[in-house]
Amino acid sequence: MDARESLNILMGCLEETGKRLPRQTLIDFVVGNVSIEIEKASLNEHELFGCGDKHDEDHYNAVLDQALKDNMIRQTGEMVSVTPKGRRSLRSGTKRPYPVSDDEEQGEPDKAAIVKAQRLGQPEAAAEQAPEHIGHHTKLKILLIQAMDRKLPLDDFAEQNNIGFDELLDELEEMREAGRTFDVGYFLDEVMDRSSQQELFDCFRKAGGDLGKVVEDMSDVYTAEEVRLAHLAWRK
């Protein structure tokens with residue numbers, strides 16, 4: 001089943017209503033269920049309320065499960081939000097089919113991811129030639145630097161190298177603390193508009209560069225990963 005329209009509805013509603021919602025609240029919002037949580041947040045008054053009512057809850061739960069597996073949407077506790085990869089897909093307006101698999105086909109996305117990793121994420125010569133005692137950690141840094149030089153999407157890089165996006169940010173923050181210079185601005189431009197970037201940059205300045213404070217202060221608007229990425233692009 002092609003669920004591209006339903007996926008875009010889910011991601012679009014998350015973006016338009018504040019980026020993060022409890023999973024069930026998102027489903028209720030999309031299909032037009034007036035739950036206690038919906039009424040409490042006045043979401044039933046939003047212009048998009050019920051915009052996906054041609055499908056039922058089971059349909060959107062299946063699409064959401066697939067989107068979580070494909071790293072288009074992330075779930076932290078009860079809250080779901082659009083990932084940088086999902087946001088880029090939404091903004092591109094792609095018409096490419098988005099199949100939602102049945103139980104017998106659940107393994108297929110992993111096979112596709114492996115093929116994609118082999119095609120796009122082959123270790124570069126410098127990493128392949130690095131002595132074994134240097135270890136995976138250093139090889140990952142080499143590949144990451146090369147990926148940024150080539151302006152590859154960082155979420156795709158994380159997926160290809162089987163690491164979480166938060167782990168990738170850990171690597172970048174460690175490199176920055178060690179004095180290495182690099183540019184993540186090209187990727188930030190893909191996942192965040194300029195006005196949002198400027199808002200976060202202003203917050204960093206007011207907080208004296210205190211990343212933790214900005215993550216906490218802006219948690220209702222931006223995910224921790226988005227704030228950390230912006231912090232890496234911020235020039236004091």
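- Scanning both residues, Ala62 and Val100, for their nearest heavy atoms gives O-CG1, 4.0 Å.
- Considering all non-hydrogen atoms of both residues, Pro97 and Arg4 come closest at O-NH2, 4.1 Å.
- Listed by chain and residue number, His55 satisfy the ring-ring contact (aromatic ring centres under 6.0 Å, His included) test with His59 (two or more places apart in sequence, or in another chain).
- The two atoms that bring Met218 and Cys203 nearest to each other are SD-SG, 3.9 Å, heavy atoms only.
- Between the side chain of Ser42 and the backbone N or O of Glu45 there is no donor-acceptor pair closer than 3.5 Å.
- Between the Asp183 side chain and the Gly185 main chain, a donor and an acceptor come within less than 3.5 Å of each other.
- If you check the side chains of Asp28 and Gln24, you find a donor sitting under 3.5 Å from an acceptor.
- Residues Pro153 and Arg88 approach most closely at CB-NH2, 3.5 Å, considering heavy atoms.
- When atom types are taken as modelled, the side chain of Tyr60 and the backbone of Gly52 share a donor-acceptor pair closer than 3.5 angstrom.
- The two residues Tyr186 and Met148 come nearest to each other via the heavy atoms OH-CA, 3.6 Å.
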Q: Could you walk me through whether Ile9 and Cys51 pass side chain to side chain contact (heavy atoms under 4.5 Å, CB included), step by step?
A: CA-CA 8 Å; Ile9 286 173; Cys51 62; 3.8 Å; yes
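- Side-chain N or O atoms of Asp155 include one that pairs as donor or acceptor with a backbone N or O of Lys85 at under 3.5 Å.
- Every residue two or more places apart in sequence or in another chain was checked for a ring-ring contact (aromatic ring centres under 6.0 Å, His included) with Phe165, and none qualifies.
- Distance check: Leu200 CG to Ser195 OG gives 10.0 Å after rounding to the nearest 0.5 Å.
- There is no path of hydrophobic side-chain contacts, each under 4.5 Å, that joins Met79 to Leu14.
- Under the 30°/60° scheme for interplanar angles, the aromatic rings of Phe49 and Phe29 are found to stand perpendicular.
- A side-chain donor-acceptor contact under 3.5 Å links Gln197 to the backbone of Met192.
- No side-chain heavy atom of Arg235 sits less than 4.5 Å from a side-chain heavy atom of Phe201.
- Remark: of the listed residues Leu48, Leu21, Val34, Leu21 is the sole one forming a side chain to side chain contact (heavy atoms under 4.5 Å, CB included) with Leu43.
- In this structure, Asp70 contributes its side chain and Met72 its backbone to no donor-acceptor pair below 3.5 Å.
- When atom types are taken as modelled, the side chain of Arg20 and the backbone of Ser219 share a donor-acceptor pair closer than 3.5 angstrom.
- We find that Glu78 and Arg23 are not joined by a salt bridge, their nearest charged nitrogen and carboxylate oxygen being 4.0 Å or further apart.
- For residues 222-231, the pairs satisfying salt bridge (charged side-chain N to carboxylate O under 4.0 Å, His left out) are Arg74-Glu225, Arg87-Glu226, Asp170-Arg228, Glu173-Arg228, with sequence neighbours left out.
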